[in-house]
Amino acid sequence: MLPIPSQLASMAANVTDKVAKGGVADLRPVPRVLIDRGPNRSVYRMTGQQAPASGDPVLLVPPLAAPALCFDLRRGCSLAEHLADAGRRTYLVDYGSVAFADRNLGIEHWIDDVLPRTIRKVSEDAGGRPVHVVAWCLGGIFSVLTAADRPELPIASLTTIASPFDYTAIPLVAPLRPLVEFTGGHILTPFYRMFGGAPSAVVTQVFRATGIEKEITKPLAVLRNLDDRDYLAQIEAVDHFMANMLAYPGRTFGQIYHRFFRANDLSAGTFALDGRTISLSKLDIPTLVIAGENDSIAPRGAVERLVGLLENAPEARFHVAPGGHLGVLTGRRARTTTWHHIDEFVDEHSSPR
């Protein structure tokens, strides 16, 4: 169909802005102040809210390798902005970049140090109120392990988004298993040991490969939607996110590879770490689990497995929301689905403002 005059005007304006201004997306981060800093830990309080902040704090926990801007993708499609504008005390932990010197950092660094310190500091900054933890992907796995291991932490509720707990339920990696087992799991070991981890460039290409069809058809999709400013802004914001991917520390990558992928330890509900065993059945806080209906990295079955492991949680609620791995967190449809589920769950489990 031929575009109507109003569409032509929108196309012209969008093309002009892309050429003259470099794009149509507003990539300004939500204003924030640093409240705490430590090794691989910068904790921020969002200050850009339209309404005065009150109530229990919400802490946003990103995964490793992905930049913390996953929670602040762009203005108008930022979970951090959404929470802050609703008057919630909103916090974000940023791990910063990973260097070769960090190659010996393992999962225990995040479970024993980074996340417990962050949660305590957020609670302290919010006047001693308990913290609602909202985490994406690997950040959700680390948050669950931390909460199960340290019941004394001031956590009011936990939300995991696209966090897989059964790696055998991920069809994307199934073809690799015979080769991995044939080599005794050593097919990747020399690689991550030589580089001190998984380099950011490799992480970026792997992430892009999971959505290869969209990558191939993206130029045509952009042309078809030149009149849709919100669509174009989202494309630009995702490209900006992809350009800022980070590396995995070597030891952590090895643990993820051997313990999560090969042994599928998480699916059993227990995880041996640094001389102790963390049992997910000990997690005793309300938990919301969200899966993306088109997520190839963490499909529904892999994510939903967590619900069955939380035997003593007062509530383990499960939702499927539109989007892929990133889209379920911060896609355009997440604004009326995933974010609504988070708002509802946090409200239900918050103390009075």
Side-chain angles (χ1 to χ4, degrees), residues 29-30 32-46 57-73 78-80 90-123 125 131 133-147 149-150 153 155 158-164 192 195-204 206-207 240-257 259-260 273-274 297-298 325-326 329-330:
V30 172
R32 63 199 67 185
V33 294
L34 181 69
I35 66 165
D36 190 37
R37 174 174 285 171
N40 308 102
R41 181 184 82 252
S42 293
V43 185
Y44 298 93
R45 184 199 320 118
M46 302 300 168
V58 178
L59 170 63
L60 303 175
V61 179
L64 298 179
L69 63 86
C70 60
F71 290 110
D72 192 18
L73 196 66
S78 159
L79 178 56
T90 306
Y91 297 80
L92 172 69
V93 59
D94 189 337
Y95 311 130
S97 59
V98 172
F100 185 78
D102 297 318
R103 63 190 180 279
N104 292 323
L105 294 178
I107 290 176
E108 58 276 6
H109 175 60
W110 276 265
I111 305 300
D112 294 341
D113 184 73
V114 174
L115 289 183
R117 289 179 183 271
T118 297
I119 292 167
R120 291 192 183 100
K121 184 61 181 181
V122 167
S123 176
D125 189 75
V131 181
V133 177
V134 177
W136 177 53
C137 188
L138 188 63
I141 295 175
F142 285 3
S143 296
V144 167
L145 290 173
T146 300
D149 187 47
R150 296 174 177 263
L153 287 173
I155 302 177
L158 175 60
T159 295
T160 68
I161 305 167
S163 301
Y192 70 75
F195 288 101
S200 58
V202 174
V203 174
T204 300
V206 170
F207 200 92
H240 175 66
F241 167 83
M242 296 296 295
N244 286 276
M245 297 295 277
L246 305 168
Y248 280 102
R251 176 172 166 77
T252 299
F253 183 83
Q255 289 170 310
I256 293 171
Y257 170 55
R259 304 288 303 284
F260 293 0
L273 183 68
D274 202 24
I297 296 176
H325 197 58
L326 179 62
L329 171 69
T330 189

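None of these values were measured; they are calculated from a predicted model.
The CE atom of Met46 sits 7.5 Å away from the OG atom of Ser78 when rounded to the nearest 0.5 Å. Rounding to the nearest 0.5 angstrom, the gap separating the OG1 atom in Thr252 from the NE2 atom in His109 is 8.0 Å. For the atom pair CG (Asn40) and CG (Asp113), the distance works out to 8.5 Å, reported to the nearest 0.5 Å. For the atom pair Asp36 CG and Lys121 NZ, the distance stands at 5.5 Å (nearest 0.5 Å). Once rounded to the nearest 0.5 Å, the distance linking CG of Leu92 with CG of Leu69 reads 9.5 Å. In this structure, CG on Leu60 lies 10.0 Å from OG1 on Thr159, to the nearest 0.5 angstrom.
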>> Using the rule given for side-chain contact (heavy atoms from CB on, under 4.5 Å), can you reason through Tyr248 versus Val98, listing the C-alpha separation, both sets of side-chain angles and the distance that settles it, and then say yes or no?
In response: CA-CA 7 Å; Tyr248 280 102; Val98 172; over 6 Å; no
>> Under the criterion side-chain contact (heavy atoms from CB on, under 4.5 Å), I'd like the reasoning laid out for Ile256 against Ile141: C-alpha separation, chi angles, the key distance, then a yes or no.
In response: CA-CA 11 Å; Ile256 293 171; Ile141 295 175; over 6 Å; no
>> Let's go through Phe260 and Leu138 carefully: what are the C-alpha distance in whole Å and the side-chain angles of both, what is the deciding distance for side-chain contact (heavy atoms from CB on, under 4.5 Å) to 0.1 Å, and is it a yes or a no?
In response: CA-CA 11 Å; Phe260 293 0; Leu138 188 63; 3.8 Å; yes
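Between Gln255 and Ile107, the shortest heavy-atom contact is OE1-N, 2.6 Å. The shortest non-hydrogen separation linking Trp110 to Gly106 is CE3-O, 3.4 Å. Between Cys137 and His325 the shortest heavy-atom distance is SG-NE2, 3.2 Å. Residues Ser163 and Ala135 come closest through the heavy atom pair OG-O, 4.4 Å. Listed here is the closest heavy atom pair of Cys70 and Leu326: CB-CD1, 4.5 Å. In terms of heavy-atom proximity, Leu246 sits nearest to Pro67 at CD1-CA, 4.3 Å.
Panel note: side chain Asp72, backbone Pro29; no donor-acceptor pair is recorded below 3.5 Å. When atom types are taken as modelled, the side chain of Tyr95 and the backbone of Pro62 share a donor-acceptor pair closer than 3.5 angstrom.
By the side-chain hydrogen bond (donor to acceptor under 3.5 Å, both in side chains) test, Arg37 pairs with no residue at all, sequence neighbours left out.
With a 4.5 Å cut-off on side-chain heavy atoms, Leu115 and Arg150 do not count as touching. For the pair Thr160/Ser143, no side-chain contact is recorded, criterion being any heavy-atom separation below 4.5 Å from C-beta on. Using a 4.5 Å heavy-atom threshold, the side chains of Pro249 and Asn104 count as separate. Side chains of Val114 and Phe142 form no contact here, defined as non-hydrogen atoms less than 4.5 Å apart. Side-chain contact between Asp149 and Asp112 is present, with at least one heavy-atom pair separated by less than 4.5 Å.
With respect to Tyr91, the side chain to side chain contact (heavy atoms under 4.5 Å, CB included) criterion is satisfied by exactly one of Val131, Val133, Leu59: Leu59.
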